[in-house]
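Take a look at the structure set out below.
Sequence lines set the chain letters: A, B, ... in the order given, protein chains first and strands last, and positions in each chain run from 1.
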Amino acid sequence: AASILNVTNADLSKGVDYLMKFGYLKQDDRKMRTGEELREAIMTMQRFGGLDETGQLDADTLQLMQTPRCGVADIIGTAETTRRKR
Amino acid sequence: YALVGYYWQKKNLTYRIVRTTPQLSPYVVHDAIRRAFNVWSDVTPLTFTEKFHGEADIMIDFLWGFHGDGNPFDGPGNTLAHAFFPGPRRGGDTHFDEEEKWTMTKEGANLFQVATHEFGHALGLGHSSEHNTIMGPFYRYRDPLQLTEDDIRGIQQLYGAPEERRPKQPLTPVATQKPNFQPNHPEHVPNTPERPPQRPPVHTPDRRPHTPNHPATPPDTCFPSIDAVAVIRSELFVFKDRHFYRYHDKGLYPGYPAMTSRFWRSLPRGTHVDAVYERYDGKIVFFKDAQYWVFDGNYLESSYPRPIRDYGLHVQSVDAAFVWGHNGKTYFFKGNRYWRYDDIEKKMDRGYPKNIDRWEGVPNNLDGIMQWTDGLTYFFKGTKYWRFNDITMRVEEGYPRSAPHDWFGCRKVLGTPNDRD
C-alpha cells in the first residue's frame, strides 16, 4: 500500500491510524484492507478537510492530519460500531 | 450537516462546569461557555441553564490523557476536545483537553469557538463535510464566529426554529424597538445620529463596519471621569452621566452614546448610575444610591429595584462593583473599603469590609472596576486606570495610564493642565 500511495511506511502507518481513529476505516485486520478501501477513506477525509479528493496521502493530507481538531469521529457507525462489538 | 440519530427530547437543558482550566479565569471560562450555548439557543427553541451543584444534562470538564471515557486525550495539539451525543448519563458531556493552550484570542485554542463546536455534538450533530461550517471537524479560528446555513439547517432539523419569546441575551438599543422613536426628542442624546441607532450584531461585535450615515463629528470620549464601567457580553460599557458608551474592539459602536434609562428602562431618568456588573448568570445589575436593579438583557426582573442592604451593604451607595475572575466572587468598593460577596450562596463573606490597601497600588474612591476579556482586572479613577496583577496582588509597573486614551477612543492624553483644550 505504501508503494501504491507513494508514501513511506511510517507515514502510511500514521495515516491509517488516523483514518481508523476518526471512523474512516474499520478497525479490523489491516491485512484484510484493500488499496481501494484505503483510497476511498483518504478521499472522504480530504472532503471533510476541504482538500482536493486525490485519494493520496500527499503532503497536504498529511499536514491536515496534524491540524488541531475535534476528537469525535467524522464517520459515525464504522469505528464506533466496531469498538462496541469488542 | 450530519445528524447522528440522537437528540434531546426536552428543550430546557442544564449544564454544569465541573472544573475550569487554570489557564483562564473562572469568570472567563463561564462566560465563554455561556456564550457558546447562546450561539445554539439563538437559532433553536433550546434554553441552557447553568447549574452549580449536582448532575446536569451536559457536564463540562477539563481533563487530560486517559480520563475514563475510553477516548483519551493526546496532549498538546491534534485533539482539542470531544463531546458525547445526547442521551442519559454521559450523554451530552463535553470534555476539553487541559493540555491545550486555552485562550480567548486567535492564539492557541479559543475556548468559546471550540465549545461552540462541541456543543453541536452534545445536541446531536455529527461532523459536517461541508467546508467552513462550525461543525467541520478541523479547528480554525473565525473572526467573528457565526453559524453557517449548513449548521443552522442541521440543528433546526433536530429542534426547529426559535419560538417567539422574550429575548434573553441580546442587548438591543431601545430605539430600534420603538416604532415611535423620535430622534429629535429633547431626551435624545445631542450627538446621536439623525437616524435611530441601528441594531448592533449580537455576539459579533468586532467586525461591524461603520455606517455611512454616522455623523462626521464623533462623540467626545475624553471623559474627565466616568461613573461606572462594565464588561457585558464581552463588550466594554462605559457609563457617564445619563449616557452609556458601548465599544467593540475597534472603537465606539455607531449610534452611541445612548441614554441609559432608554435602554434599561425602569432605571431612574436623567441621572447617572454608580456601578454596574454582569452577574455569573448573565443578569446585569445596576447600583444607584442605596438601590439596585437586576436586568435580563434590557428587561427589568420583577420586584426590583431592591435596597442594597440585600447584599449586606450597609452604606448609602457604592463606588464600583465587579466580579473577580480569580475567585468568581463579587466585590463592592466604597471609599477606602471593599466587600466580598458570594453571588451563588447569596451572602456576604465574613470579615468584610476590609481596607482597600490590600489591593496594593489601587487608589481610594474609585469610579469603576472591570475584568476585561484578557482576564486582567482594571481599576478606573478620574482620567487614570490601573492594571492589577492577580498573582502578585499589586498594580503592574507602568500604571496608572490614561483611560480615555487607552480605552475610550480619546486621541488626547489627559492629565496635563490644558488637557481639555
Side-chain angles (χ1 to χ4, degrees), chain A residues 7 10-28 37-86, chain B residues 1-6 63-65 67 69-85 93-97 99-103 107-110 113-141:
Chain A
V7 290
D11 281 344
L12 178 67
S13 179
K14 273 191 282 186
V16 168
D17 285 347
Y18 186 97
L19 294 168
M20 286 198 302
K21 180 176 179 182
F22 293 108
Y24 295 102
L25 285 173
K26 290 180 182 173
Q27 298 201 352
D28 52 13
E37 280 177 324
L38 194 53
R39 207 178 348 255
E40 277 186 20
I42 295 167
M43 287 171 72
T44 310
M45 184 253 181
Q46 288 168 329
R47 188 185 324 141
F48 272 87
L51 299 180
D52 291 339
E53 296 174 35
T54 62
Q56 297 291 315
L57 276 177
D58 50 30
D60 285 346
T61 307
L62 290 168
Q63 178 64 38
L64 184 64
M65 290 177 171
Q66 301 298 316
T67 304
R69 59 161 291 151
C70 173
V72 174
D74 299 335
I75 309 295
I76 307 295
T78 51
E80 294 294 300
T81 310
T82 307
R83 191 175 296 133
R84 231 174 268 131
K85 280 179 183 172
R86 290 167 65 189
Chain B
Y1 60 87
L3 308 181
V4 295
Y6 301 97
L63 301 156
W64 59 91
H67 52 275
D69 64 1
N71 200 353
F73 283 130
D74 53 6
N78 295 323
T79 302
L80 305 175
H82 57 234
F84 291 85
F85 299 126
D93 290 359
T94 303
H95 299 160
F96 297 93
D97 186 350
E99 294 188 279
E100 302 301 333
K101 183 187 176 193
W102 294 107
T103 70
E107 309 301 329
N110 183 293
Q113 302 207 358
V114 174
T116 302
H117 172 97
E118 295 305 329
F119 296 155
H121 292 314
L123 297 175
L125 293 178
H127 281 147
S128 171
S129 60
E130 187 75 21
H131 197 43
N132 287 331
T133 58
I134 297 296
M135 289 315 296
F138 299 99
Y139 175 74
R140 188 165 59 84
Y141 178 76

Quick check for you: to the nearest 0.5 Å, what is the distance between [X] atom [atom1] and [Y] atom [atom2]?
{"X": "B:Leu80", "Y": "A:Thr67", "atom1": "CG", "atom2": "OG1", "result": "10.5 Å"}
{"X": "B:His82", "Y": "A:Cys70", "atom1": "NE2", "atom2": "SG", "result": "8.5 Å"}
{"X": "B:Ser128", "Y": "A:Asp74", "atom1": "OG", "atom2": "CG", "result": "10.5 Å"}

Measuring heavy-atom distances to chain A, does [X] have an atom under 4.5 Å in its side chain, in its backbone, in both, or in neither?
{"X": "B:Glu130", "answer": "neither"}
{"X": "B:Phe73", "answer": "neither"}
{"X": "B:Asp74", "answer": "side chain"}

Close side-chain approach of [X] and [Y], heavy atoms under 4.5 Å:
{"X": "B:Phe138", "Y": "A:Leu64", "result": "yes"}
{"X": "B:His117", "Y": "A:Arg69", "result": "no"}
{"X": "A:Val72", "Y": "B:Phe84", "result": "no"}
{"X": "B:Asn78", "Y": "A:Met65", "result": "no"}

Problem - Whether over 12 other heavy atoms sit under 6.0 Å from A:Asp52 CG - result: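 Counting other residues, nucleotides and ligands, CG of A:Asp52 stays at 12 neighbours or fewer.
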Practice task
Apply side chain to side chain donor-acceptor pair (under 3.5 Å) to B:Asp97 and list each qualifying residue two or more places apart in sequence or on a separate chain.
Solution key: none
Completion exercise
Of B:Gly77, B:Pro76, B:Ala81, B:Ala109, the largest count of non-hydrogen pairs under 4.5 angstrom with chain A goes to B:Ala81
Practice task
Start with the C-alpha gap between A:Lys21 and B:Thr79, add the side-chain angles, then the distance that decides, and say whether side chain to side chain contact (heavy atoms under 4.5 Å, CB included) holds.
Solution key: CA-CA 11 Å; A:Lys21 180 176 179 182; B:Thr79 302; 3.6 Å; yes
Exercise for the section: Return the set of residues passing ring pair (Phe, Tyr, Trp, His ring centres under 6.0 Å) with B:His131 (not counting sequence neighbours), or none when no residue passes. Expected result: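 Counting only residues at least two positions away or on another chain, B:His131 forms no ring pair (Phe, Tyr, Trp, His ring centres under 6.0 Å).
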